[in-house]
Amino acid sequence: MPTILQQFKVPLSQKNNIPEVIEKLTGQRVFNVRIERLALDYRSKGNPHFVCNATYNLEKIPQNTDSETLFKKYVKNNDMPHEVSIVGAGPAGLWAAYGLLLSGHKVNLYEQGKPVEERFRDIRRFLKSEIFLEHSNIFFGEGGAGAFSDGKLNTRSRTEFSQAVLGDLIKIGAPEEIAYLAKPHIGTDKLQFLIKNMRKLILELGGKIHFESCLQDISVAGNHLNSIRINNEWLPCEALVLASGHSARNIYEILSAHGVLMEGKSFAIGARIEHPQSFINESRYGSLSPLPAADYTLTGKTAYSFCMCPGGIVVPCASEPNGVATNGMSYSRHNSPFANSALVVPHSIEKSDTKSGIALQRQLENAAFEMSGKKFLAPKQSAESFLAKKGCLWDLLPSNVSCALEAALHEFEKKMPGFIKNGTLIAPETRTSSPIRIVRKENGESVSVSGIYPAGEGAGYAGGILTSAADGLRLATHQ
């Protein structure tokens, strides 16, 4: 059994020499050092350091953590039909495909958008010239919504499935530090290359990937799926992994029409707030430099920060031609002079309500589009003018959300003086998560229509790249 060493300090200069730090602390030669968590602690200005949790052995033991290793344990537990169709090539769909191929299934993966390299060109044109494409945008295309947001791999708790995903990412080119950093981050610029490598891995295992292939309908007989319509062609299908993401609103309409049980799910709405990165650095570190671009996590009585992007930018995004929302992203170097984070307010929805969540999202996004002169430019104003109620966001956001943000700004100002003066609000932030959950059994199958296996964020069972991929992988094992 490995020895566990928790909460020990690591000087900034020793980040890459943690085995040596452990040997100095224990006075023993150590092997198989596994860093479970490494977090930057800057609570005491002037003395930042890392805090580390790690395990180690006193002798060499072979180690390997990835999906191939995992499926040696679970390969006999999957009882899906041999041939499986997957809709959506985001993290959940890609890792469901990979897992099912490892367990011997035949896989066809359908993605309404384009390959990631073509998708990135379309997104650049959208950001530069506002040329909107319905199926190739910041939400849709190979890699899913996370591919063009931030490349964050955050999760509240690590499972054997999330650890396997991290192992897979390292195997296809991600830095090894993502396995242990408290807030691992690949970056939008590098994530596209990993997605291409994941595609190659799926194809090498015999999987087939069909781009620009949109799910238009399903056919259900006797509460069992029997076919799907892709690009106006009906295809036989007895097992469908539905990994369509949190913004494929047409999928919910299709499922509702065929009696697939869904329920309303609470989510959050609000705005992005942007600050100079220098202000965030000064607030967190003091005058010390150079250090990585600082981040923050703020939780108040009425609102909280979400998806904080140090050294990043705010981007307008859309999945429909007459609406605009916001998102944050950053590249691997975090070298933008600005930082941004969502400031969001919880929005409760009854389980019986599967309509109002999307309706509210669409209402806010359409209003923002109109407010911007029918352009894909999210409305913005300074935090000071927002608090003075002189700007546009009080007209855009629901009054309860604006009041909650008002209270949160004053609360966060006490924690980070200058938060208001240096802040710019950009709205709306509406796509924090799906407002709908597709109800499924413990094995991942729909409770109402057999043969449908909802997965990832769009199904309401994940939140982010890592948890979505892990959910797809878990689904492939029926665990």
Modelled atom types, side-chain donor and acceptor of Thr69 and Asp66, under 3.5 Å: yes
Donor-acceptor contact below 3.5 Å, side chain Gln112 vs main chain Gly88: no
Do Asp168 side-chain atoms and Ser67 backbone N/O form a donor-acceptor pair below 3.5 Å? yes
Are any side-chain N or O atoms of Lys265 and backbone N or O atoms of Ser434, one a donor and one an acceptor, separated by less than 3.5 Å? yes
Salt-bridge criterion met for Arg119 and Asp122 (N-O under 4.0 Å): no
Checking Thr354 side chain against Glu263 main chain: does a donor-acceptor pair fall under 3.5 Å? no
Describe, in one word, how the ring planes of Trp394 and Phe386 are oriented to each other, choosing from parallel (under 30°), tilted (30 to 60°) and perpendicular (over 60°). parallel
Strictly distance-based, threshold 3.5 Å: is any side-chain N or O of Asn137 a donor or acceptor partner for the main-chain N or O of Phe132? no
Any side-chain to backbone donor/acceptor pair from Glu160 onto Leu70? Under 3.5 Å, distance only. no
Residue pair Glu320, Arg362: steps toward the salt bridge (Lys or Arg N to Asp or Glu O under 4.0 Å) verdict: CA-CA 9 Å; Glu320 297 174 347; Arg362 186 173 278 141; 2.7 Å; yes
Looking only at side-chain N and O atoms, does His224 offer a donor or acceptor that is under 3.5 Å from a partner on Ser450? yes
Is it true that a side-chain atom of Ser448 and a backbone atom of Leu261 form a donor plus acceptor pair closer than 3.5 Å? yes
Hey, mind stepping through Leu101 and Leu201 against side chain to side chain contact (heavy atoms under 4.5 Å, CB included) and telling me if it holds? CA-CA 10 Å; Leu101 288 165; Leu201 203 58; over 6 Å; no
Taking the six-membered ring for Trp, are His210 and Tyr110 closer than 6.0 Å centroid to centroid? yes
Could you report the tightest heavy-atom contact between Ile438 and Pro454, atom names first, then the distance? CG2-CG, 3.4 Å
Under 3.5 Å, is there a donor on one side chain and an acceptor on the other for Arg431 and Ser247? yes
Hey, is Arg199 close enough to Glu142 for a salt bridge, meaning N to O under 4.0 Å? yes
For Ile313, does its backbone N or O pair with a side-chain atom of Glu274 as donor and acceptor, under 3.5 Å? no
